[in-house]
Q: 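Have a look at this one.
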Number of protein chains: 4
Amino acid sequence: MDMTNNRLKTIVERLERMEEEKQAIVDDIKEIMKEAKGEGFEPKILKKVLALRKMPHDERERLELLVATYMAAL
Amino acid sequence: MDMTNNRLKTIVERLERMEEEKQAIVDDIKEIMKEAKGEGFEPKILKKVLALRKMPHDERERLELLVATYMAAL
Amino acid sequence: MDMTNNRLKTIVERLERMEEEKQAIVDDIKEIMKEAKGEGFEPKILKKVLALRKMPHDERERLELLVATYMAAL
Amino acid sequence: MDMTNNRLKTIVERLERMEEEKQAIVDDIKEIMKEAKGEGFEPKILKKVLALRKMPHDERERLELLVATYMAAL
DNA sequence: TCAGATAAAATCGCGC
DNA sequence: GCGCGATTTTATCTGA
C-alpha cells in the first residue's frame, strides 16, 4: 500500500478524533449551562462572568502590547 | 455558608476547567496541522476534506446541485 | 505649526473616511443579500457562486483536484 | 427569456460590482499606508491609532451593555 | 516563506 | 421561523 495515502489517512483520522473530543467538551459545556439554568443561573450571565474572570490575563497582555507599541513609536 | 454561592462557584470552576481542556485540544489540532504541512499536505485542503466528510451526504449533494444551477443560470 | 503633525492628521482623517466608505459598502452588500433571500435565492449559495466566479480558473481546478485526490486516498 | 435567471444575473452582477468597489477602497487604504510608511509613519502604529480613535464608541457600548447585564442579573 | 496578528466571514443560539 | 448578537472559524496581511 502507498505509504503517503496511509499517512494522510492517519492524519485525517487523528484530526477527526480530536474534533470529536472538542465537540464533546462543547456539548458538555452546553449541558452544564442548561443544568445551571434549571437551578436559576442565567447562561448569559454565567458567560459574562467567565469572560470577566478571564479578562485580567487578556487585559494585561493588551496593556503590555500597547506600552511596547508606543515605546516603539517614540 | 450560603449554599447558592457555593453552587455557583462549583459551576463556574467546572466551566473554567472545561474551557481549558477545550483550548488544549484546539492547540493540539493546530499542532497536527502544522506537522501535516511539514509533510507536504496543505492545511487548507485538509480542512475542506474534514468539512466534506462531516457533512451529510444529501446535504452536500443539495449544495453542489444548487451551486451548479446558479452557475448555469448565469 | 509642526508640519509633521499636520501631515499625520491628514493621513489619519483620510483613512477614517475610507474606512467609513468601506463599511457603507459592506452594509449595502448585506442589504442586497437580504433582498435576494426574500426572493428565494440562498445567500450561502450566492456567496459560493461569487467566490467561484472570482477565482482564477486554474486555481479552482487545482483545489478541486487536490480535494478529490485527498478524498480518494482515504 | 426566463425572468428568474435574469433576476439572478442582475443580483450577482450588482454584488460583483459592489465587491469591486469594496476592493478598490481596500487597495486605496493599503496605498495610503504605503505612502505614509514612505514618509516615516509606521502602518502598524497608524492602525493602532485608528483603533484607539474608534474605541470610545465601542467602549461606551461595551460599558452600557455591562451595566444593563448586571442590572438584569440582580 | 513562515508565523503571528488582524480583520472578515460563517455559524450558532437566543429572543421575539 | 427570523433577525440579531455573540462566538468561532477562515482568510489576509505584515514583519522576520
Side-chain angles (χ1 to χ4, degrees), chain A residues 15 18-19 22-23 25-27 29-34 36-37 42-52 54 58 61-62 64-66 68-69 72, chain B residues 15 18-19 22-23 25-27 29-31 33-38 40 42-51 54-55 59 63, chain C residues 15 18-19 22-23 25-27 29-31 33-38 40 42-51 54-55 59 63, chain D residues 15 18-19 22-23 25-27 29-34 36-37 41-52 54-55 58 61-62 64-66 68-69 72:
Chain A
L15 289 170
M18 304 184 84
E19 289 287 356
K22 184 178 135 193
Q23 193 55 46
I25 293 179
V26 167
D27 292 344
I29 290 173
K30 281 184 204 161
E31 184 60 26
I32 295 180
M33 283 289 184
K34 201 173 150 190
K37 188 177 182 182
E42 291 184 38
K44 187 176 170 184
I45 307 297
L46 285 174
K47 284 177 189 170
K48 197 56 89 174
V49 168
L50 291 172
L52 287 173
K54 192 173 67 179
D58 296 356
E61 284 172 13
R62 192 181 73 86
E64 283 173 1
L65 174 62
L66 268 181
T69 300
Chain B
L15 288 170
M18 303 182 85
E19 289 288 354
K22 185 179 129 189
Q23 192 53 48
I25 292 180
V26 166
D27 292 344
I29 289 173
K30 279 185 201 161
E31 187 60 26
M33 282 289 184
K34 201 171 145 189
E35 285 177 29
K37 187 178 181 181
E42 293 186 33
K44 185 177 174 181
I45 307 295
L46 286 174
K47 284 175 189 170
K48 277 188 191 292
V49 168
L50 290 173
K54 186 167 137 189
M55 193 184 297
E59 173 64 4
L63 291 180
Chain C
L15 289 171
M18 303 182 86
E19 290 287 355
K22 189 177 110 184
Q23 192 54 47
I25 292 179
V26 167
D27 292 344
I29 290 173
K30 281 186 199 160
E31 186 60 26
M33 283 289 184
K34 199 172 147 190
E35 284 176 30
K37 186 180 181 181
E42 292 187 34
K44 185 177 174 180
I45 306 296
L46 286 174
K47 284 173 190 172
K48 278 189 191 291
V49 167
L50 291 173
K54 183 170 147 190
M55 193 183 297
E59 173 66 4
L63 291 180
Chain D
L15 289 170
M18 303 182 85
E19 288 288 355
K22 183 179 134 190
Q23 192 54 47
I25 292 178
V26 168
D27 292 344
I29 290 173
K30 280 186 209 159
E31 184 60 27
I32 293 179
M33 283 289 184
K34 201 173 150 190
K37 188 176 182 180
F41 301 106
E42 292 183 35
K44 188 177 171 182
I45 307 297
L46 285 175
K47 284 176 188 170
K48 198 57 89 175
V49 168
L50 290 173
L52 287 173
K54 192 172 68 180
M55 193 185 298
D58 297 356
E61 284 173 12
R62 191 181 74 86
E64 285 173 1
L65 175 61
L66 269 181
T69 300

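No hydrogens, no waters, no symmetry mates; every other heavy atom, side chains included, goes into these values. First the proteins, then the strands, lettered A, B, ... as listed; each starts at 1.
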Q: Can you tell me if the side-chain N/O atoms of B/Lys44 get under 4.0 Å from OP1 or OP2 in F/dA11?
A: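 Answer no for this pair, as no side-chain N or O of B/Lys44 is under 4.0 Å from OP1 or OP2.
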Q: Nearest whole Å is fine: how far is E/dA7 P from D/Ile25 CD1?
A: 17 Å
Q: Rounded to the nearest Å, what distance is computed from the CE atom of residue C/Met18 to the P atom of nucleotide E/dA7?
A: 16 Å
Q: Rounded to whole angstroms, how far apart are NZ on D/Lys48 and C1' on E/dA7?
A: 13 Å
Q: Can you check the D/Glu31 CD to F/dC13 C1' distance for me, whole Å?
A: 16 Å
Q: Please report, rounded to the nearest Å, how far the P atom of F/dG5 is from the CZ atom of D/Arg62.
A: 18 Å
Q: Counting side-chain heavy atoms from C-beta on, which of F/dA11, E/dT6, E/dA10 comes nearest to C/Lys47?
A: E/dA10
Q: Calculate the interatomic distance between B/Lys30 atom NZ and E/dA5 atom P; express it in whole Å.
A: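 To the nearest whole Å, that distance equals 10 Å.
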Q: Starting at NZ of B/Lys34 and ending at C1' of E/dG4, how long is that distance when rounded to a whole Å?
A: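 In whole Å, E/dG4 C1' and B/Lys34 NZ are 11 Å from each other.
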Q: Who passes side chain to side chain contact (heavy atoms under 4.5 Å, CB included) against D/Lys37, sequence neighbours left out?
A: D/Pro43
Q: Assuming nearest nucleotide by heavy-atom distance, tell me which of A/Lys22 and D/Leu65 is located more 5' along DNA chain F.
A: D/Leu65
Q: Just the rounded figure in Å: distance from P of E/dT6 to NZ of D/Lys54.
A: 13 Å
Q: Looking at D/Lys37, does any N or O in its side chain come under 4.0 Å of the phosphate oxygens OP1/OP2 on F/dG15?
A: yes
Q: Looking only at heavy atoms, which two atoms of D/Lys48 and A/Leu66 are closest? And how far apart?
A: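 In this case the closest contact between D/Lys48 and A/Leu66 is CD-CD2, 3.9 Å.
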